[in-house]
Amino acid sequence: MSNTLLVILLVGAMAATAYVLVRGIIAMASGKDVTGEAQQNWMRKRVLFQAVAIVIIALILILASASKS
């Protein structure tokens with residue numbers, strides 16, 4: 001049950017990462033952000049969602065190895 005929940009959370013984190021990546025590319029391509037603040041904000045969000053996804057993957061792997069022992 002917990003693995004299913006973690007997989008759902010992982011898919012959500014991956015989707016959020018992809019969404020933020022696309023939004024950042026669109027913001028960069030628009031050329032409206034002269035200072036680059038909005039692009040930096042999108043990059044910070046993307047890194048955060050990637051970190052969350054990595055933590056979830058680590059939890060899945062830990063639970064998988066613990067269940068085999």
Side-chain angles (χ1 to χ4, degrees):
M1 176 64 181
S2 63
N3 274 351
T4 305
L5 177 62
L6 287 174
V7 169
I8 292 170
L9 289 174
L10 177 61
V11 170
M14 290 167 49
T17 301
Y19 172 76
V20 170
L21 176 64
V22 170
R23 288 291 309 231
I25 291 171
I26 291 171
M28 184 177 61
S30 71
K32 295 178 184 176
D33 184 24
V34 178
T35 62
E37 255 182 74
Q39 294 157 359
Q40 287 295 320
N41 189 25
W42 286 114
M43 185 177 293
R44 280 187 214 99
K45 288 179 184 179
R46 181 184 55 82
V47 170
L48 173 69
F49 286 129
Q50 283 178 325
V52 169
I54 290 170
V55 168
I56 294 170
I57 289 171
L59 287 172
I60 290 171
L61 292 173
I62 290 169
L63 288 174
S65 68
S67 68
K68 289 183 180 180
S69 298

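Hydrophobic clustering places M14 together with L61 (ILVMFWY residues linked when any side-chain heavy atoms are closer than 4.5 Å, directly or through intermediates). The hydrophobic clustering, which links ILVMFWY residues whose side-chain heavy atoms are closer than 4.5 Å, places M43 and I25 apart. Under the 4.5 Å side-chain contact rule for hydrophobic residues, I56 and F49 do not share a cluster.
A distance of 11.0 Å separates CD1 in I8 from CG in N3, rounded to the nearest 0.5 Å. Rounded to the nearest 0.5 angstrom, N41 CG and R23 CZ are separated by 11.0 Å.
Shown are L6, I54, L10; of these, the side chain to side chain contact (heavy atoms under 4.5 Å, CB included) with L59 is made only by L6. Exactly one residue among L5, V7, V11 makes a side chain to side chain contact (heavy atoms under 4.5 Å, CB included) with L9. That residue is L5.
Looking at every heavy atom in both residues, M28 comes nearest to Q39 through CA-NE2, 3.1 Å. In terms of heavy-atom proximity, R46 sits nearest to V20 at N-CG1, 3.6 Å. Nearest heavy atoms, A13 versus V52: CB-CG1, 4.2 Å.
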Intermediate values then yes/no, side-chain contact (heavy atoms from CB on, under 4.5 Å), L48 and R44:
CA-CA 6 Å; L48 173 69; R44 280 187 214 99; over 6 Å; no

